[in-house]
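Following: one structure in structure tokens, then a few remarks.
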There are 2 protein chains.
Amino acid sequence: MARRGETIELAVLGLLHEGPMHGYELRKRLNLMLGWSRVLSYGSLYPALKKMLRGALIEEVTTLPTPGVPVTRRPRIVYQVTELGTAEFTRLMSEVGPTAWEDDNFDIRFAFFGSTDMEIRLRVLEGRRTRLQERLDRVQSQLSMTQAEVDRYAAELQRHGVESVEREVRWLSDLINAERNPEQVALRPPTEQPQQQ
Amino acid sequence: MARRGETIELAVLGLLHEGPMHGYELRKRLNLMLGWSRVLSYGSLYPALKKMLRGALIEEVTTLPTPGVPVTRRPRIVYQVTELGTAEFTRLMSEVGPTAWEDDNFDIRFAFFGSTDMEIRLRVLEGRRTRLQERLDRVQSQLSMTQAEVDRYAAELQRHGVESVEREVRWLSDLINAERNPEQVALRPPTEQPQQQ
DNA sequence: GTTAGCATGTAAGGAGTTACATGATTTT
DNA sequence: AAAATCATGTAACTCCTTACATGCTAAC
């Protein structure tokens with residue numbers, strides 16, 4: 001039950017889904033994709049690749065005659081996902097472990113929604129929404145209790161936090177609706193033009 | 001130059017600034033305050049307290065006759081901040097190390113703005129804004145390059161990310177203005193009532 | 001020809017978690 | 001009297017980073 005360490009693994013499997021890649025490129029794409037928080041270092045990527053190689057989730061591509069690029073290339077090690085890896089990808093995407101709703105893990109799952117089916121997408125979106133809603137309820141109940149004695153900066157931080165999470169919940173709700181009614185609603189909710197065309 | 005491990009230390013020093021507390025209560029207040037992301041565990045709090053005790057940043061309070069509470073209390077170990085700790089708090093608050101603008105570290109600094117002076121507040125706010133703006137610029141320049149080939153879910157994630165960071169930047173700008181013109185603007189920007197009373 | 005970036009790794013360590021262990025106090 | 005929660009701690013482990021080490025290739 002690989003609940004820990006799923007983050008990089010899932011990201012690599014998802015990216016390799018788009019085509020074979022070498023480590024350096026994986027890192028670049030990952031940092032572009034999840035650039036918001038941390039920058040993935042080689043010190044964690046390469047060992048992870050080795051481990052996945054041992055687990056036969058990925059394999060080396062020996063010859064890949066990319067059209068247009070000269071073949072005189074030595075040091076690059078290009079990986080591709082195996083059948084086992086594809087199965088593991090699906091398993092990880094649908095797994096609802098305790099860390100699956102954290103920011104980074106959710107973002108990775110969301111980024112690869114195109115490689116899954118609607119059932120899983122809905123489960124992930126609704127799970128995240130439920131989690132955020134729980135946090136919101138917890139904070140707001142505590143907020144009403146301790147309201148009087150809080151310093152104004154701490155209060156402003158809480159206000160801003162609540163507002164951000166509420167916004168996130170609305171975003172998730174829009175996405176869930178869009179999943180359920182694929183025809184009626186475009187993926188992007190009408191922020192700019194509130195009229196139907 | 002304790003650049004790492006500053007997070008808990010700063011939080012503890014900031015909280016003890018409000019008055020003496022024991023470990024359990026520190027954890028509760030911290031989780032209330034920064035409840036958004038992780039929950040601080042005892043396994044990291046208590047060792048940190050021990051370390052700070054060794055460094056004389058905090059000290060045990062032997063007798064504290066809290067009015068109204070019976071004194072028959074044994075196992076609680078109440079800490080208070082020392083002079084050295086107060087100095088360290090100021091130092092950490094004004095330090096602009098590479099991790100100071102990360103979400104958690106920024107939130108902690110912000111939460112204790114009431115215990116610092118405006119100079120430091122402005123430096124922290126402006127530093128955070130600069131960092132976010134840099135990320136924004138980097139992502140948007142990359143976004144314009146790779147625009148065509150991106151999957152729609154990955155694109156929506158990026159769009160949402162950019163929007164969130166832009167919102168955060170605006171929030172910071174409002175706060176910076178409020179710091180610079182303390183009379184004119186209330187801390188909270190006029191969301192509900194745009195009129196002056 | 002030298003700087004910048006591509007490309008792959010290893011070793012040591014940091015910052016925290018989970019799980020375990022223990023006992024007192026309050027509530028039901 | 002049992003259950004919940006208060007209260008303090010330790011040991012092992014995980015995931016990741018930083019710093020180091022190496023060499024190739026493109027650009028200036």
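In this text the structure is predicted, and so the values were computed from the model without any measurement.
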### Message
Can you see if the side chain of A:Tyr24 gets near the phosphate of C:dC6 - specifically, an N or O under 4.0 Å from OP1 or OP2?
### Response
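A:Tyr24 to C:dC6 OP1/OP2: side-chain N or O found under 4.0 Å.
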
### Message
If you compare every side-chain N and O of A:Tyr42 against the phosphate oxygens of C:dT8 (OP1, OP2), does one of them come in below 4.0 Å?
### Response
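It does not, given that no N or O in the side chain of A:Tyr42 lies less than 4.0 Å from OP1 or OP2 of C:dT8.
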
### Query
Do B:Arg123 and B:Ser94 have side-chain N/O donor and acceptor atoms under 3.5 Å apart?
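No, B:Ser94 and B:Arg123 have no side-chain donor paired with an acceptor closer than 3.5 Å.
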
### Task
Could you check if a side-chain atom of A:Leu26 sits within less than 4.5 angstrom of a side-chain atom of A:Leu49, using non-hydrogen atoms only?
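Yes, their side chains come closer than 4.5 Å.
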
Atom-to-atom span, [atom1] of [X] to [atom2] of [N] - whole angstrom:
X	N	atom1	atom2	answer
B:Arg29	D:dA7	CZ	C1'	17 Å
A:Glu25	C:dC6	CD	P	11 Å
A:Asn105	D:dT14	CG	C1'	14 Å
A:Lys28	C:dT8	NZ	C1'	15 Å
A:Ile58	C:dT8	CD1	C1'	14 Å
B:Arg76	C:dT25	CZ	C1'	10 Å
A:Lys51	C:dG9	NZ	P	17 Å
B:Met21	D:dA7	CE	P	13 Å

### Message
Over all strands shown, is B:Gly23 touching base, sugar-phosphate only, or nothing at heavy-atom distances under 4.0 angstrom?
### Response
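Contact class for B:Gly23: sugar-phosphate only.
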
### Query
Mapping A:Gly43 and B:Lys50 onto DNA chain D by nearest heavy atom, which one lands closer to the 5' end?
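It is B:Lys50 whose nearest nucleotide is closer to the 5' end.
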
### Query
For B:Tyr79 and A:Leu45, take the nucleotide of DNA chain D holding the closest heavy atom to each; which residue's nucleotide lies nearer the 5' end?
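The 5'-side residue here is B:Tyr79.
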
Residue [X], side-chain heavy atoms: nucleotide from [options] that is nearest:
X	options	result
B:Ser41	C:dG9, C:dT17, D:dA7	C:dT17
A:Ser44	C:dT10, D:dT17, C:dG16	D:dT17
B:Tyr46	C:dG16, D:dT8, C:dG9	D:dT8
B:Ile77	C:dT8, D:dC16, D:dG9	D:dG9

### Message
Can you confirm if the NZ or CZ of B:Arg27 lies within 45° of the ring axis of B:Tyr42 and under 6.0 Å from the centre of its six-membered ring?
### Response
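Yes, a cation-pi geometry.
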
### Task
Could you list the residues that satisfy side-chain contact (heavy atoms from CB on, under 4.5 Å) with A:Glu166, not counting sequence neighbours?
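Checked A:Glu166 against side-chain contact (heavy atoms from CB on, under 4.5 Å); matches are A:Leu136, A:Gln140, A:Val162, A:Arg170.
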
### Task
Any side-chain hydrogen bond (donor to acceptor under 3.5 Å, both in side chains) involving residues 112-121 of chain A? Give me the pairs, sequence neighbours left out, ordered by first then second residue.
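Counting only pairs at least two positions apart or across chains, the side-chain hydrogen bond (donor to acceptor under 3.5 Å, both in side chains) contacts touching residues 112-121 of chain A are A:Arg121-A:Glu179, A:Arg121-B:Tyr153.
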
